[in-house]
Amino acid sequence: MAREALLAALSDGWADPARLYSAGRRAQQLSDAARAAFAEVLGVRPDEVSFWPSGTAAAQAAVLGALAGRARRGDTLVHSAIEHSAVLHAAARGKAIEVGVDRRGRLDLEAWERAVSGDGVALASLISASHEVGTVQPVAAAASYCDEAGVPLFVDAAQSVGRVDVPGGWSLLSASAHKWGGPPGVGVLAVRKGVRWISPYPQDDLYRPQAPGSVDLPAVVAAAASLRAVRAEAQTEGVRLSALVDRIRERVPMTVPDVEVVGDPVERLPHLVTFSCLYVDGEALLHALDRAGFAVSSGSSCTASTLRPSHVLEAMGVLSHGNVRVSLHSGTSEADVERFLTVLPGIVEGLRREAGM
Amino acid sequence: MDLVLDCRGLKCPLPIIRLAQRIGDVPVGGVVRLLADDPAAENDVQAWCRMKSQEYLGSPEKDVFEVRRTG
């Protein structure tokens, strides 16, 4: 679907939508149609939607732009301890208050309420669901505390859009096309009317959220088409994947000793499951699974460019070594999951034996 | 202090593996002092204690962690 839309848009949407010649106007129509499609899914007005070169760029524009827009009201960003590093890097630019999560990775709402109602808070930022452990965050409750405190809320919804609904009440929201199976290189940002935003970049109109330079319009068109397609099947696909995640959550502790399946077992994304195996090197486990044909991720320090353990696993206080994150997608079959569950115990046992355990 | 394990310079999970291999060397109620400078050690020592029902006593100084054998 995304591929077909991309190919069609490449022949029709190559021109600059800001130009007045006919090819430019055709491109503008495609851009408007994509904007309307995103607006419908996100429940906002089309002119509240802007396109960015990635989900990361959209999230950072949201944080930095909203902080700049509220500079007269305060200079502090309140954020959860489990935000994506895109947000944490933006947070590191200025003053920030971090709010913790519980063992299952769910936001501490009492601490959140205290933090957002403090003096000098310009913006609050909450990920819709943890990208590492899948725990869905209490966005509606967090939004109502922000509302009471008069603080705008930014929701990084990259993990949720296209899969599960995101509650309302937020002021800014970002999403990322390749997370829902669209093309890479498309981020979407919605900024509600009345939210003051000032561009962190040098550009013509500093007050209208818009990425500097041209966006990849064919990719944006493909992203809108793929979102429509994914949304149409989200319900049934969510049920299917969630059952497979349940199977992994149940079976792994039964067949692998000394393992901790992390994240909330119920309030979670449908497609993502994370567990940590004691005494196992995360990188070795990842490579062994790769040789067996499984592409998984890890939050263990040995797999990170920074050589630090995942900040999400640390915030939860769960084991960080021997960590595996399994993301299921539309191409994942029940047989794939069964084969994964069959090979995993032997792989873990072998690695432990090599380590002398 | 009943046993000191110097795991400085070792990457996780090696400090935790050493801790698990050697905690049986102290009597129940005995204390192991683990020296480990891997950035994951502080988090993972505590997680290990929770998973294996041992008592985490705390970190008296940087890169030092104390665990009481409970069983």
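All values derive from a computational prediction rather than experimental measurement. Quick note: numbers below take in every heavy atom, side chains included, and nothing from hydrogens, waters or symmetry partners. Naming convention: chains lettered A, B, ... in sequence-line order (proteins, then strands); numbering from 1 in each chain.
A/Glu314 and A/Ser320 form no side-chain donor-acceptor contact under 3.5 Å, judged by distance and modelled atom types alone. Side-chain atoms of A/Arg106 and A/Ser130 form no donor-acceptor pair, as typed in the model, at a separation below 3.5 Å.
When each of A/Arg103, A/Met357, A/Arg352 is scored by its heavy-atom pairs under 4.5 Å with chain B, the top score falls to A/Arg103. Of the listed residues A/Pro309, A/Gly322, A/Ser276, the one with more heavy-atom pairs under 4.5 angstrom with chain B than any other is A/Pro309. Comparing B/Asp38, B/Ile16, B/Val45, B/Leu14 by heavy-atom pairs within less than 4.5 Å of chain A, the highest count is held by B/Ile16.
By the 30° and 60° cut-offs, the orientation of the rings of A/Phe294 relative to A/Phe340 is perpendicular.
Under the 4.0 Å criterion applied to side-chain N and carboxylate O atoms, A/Arg268 and A/Asp246 are assigned as salt-bridge partners.
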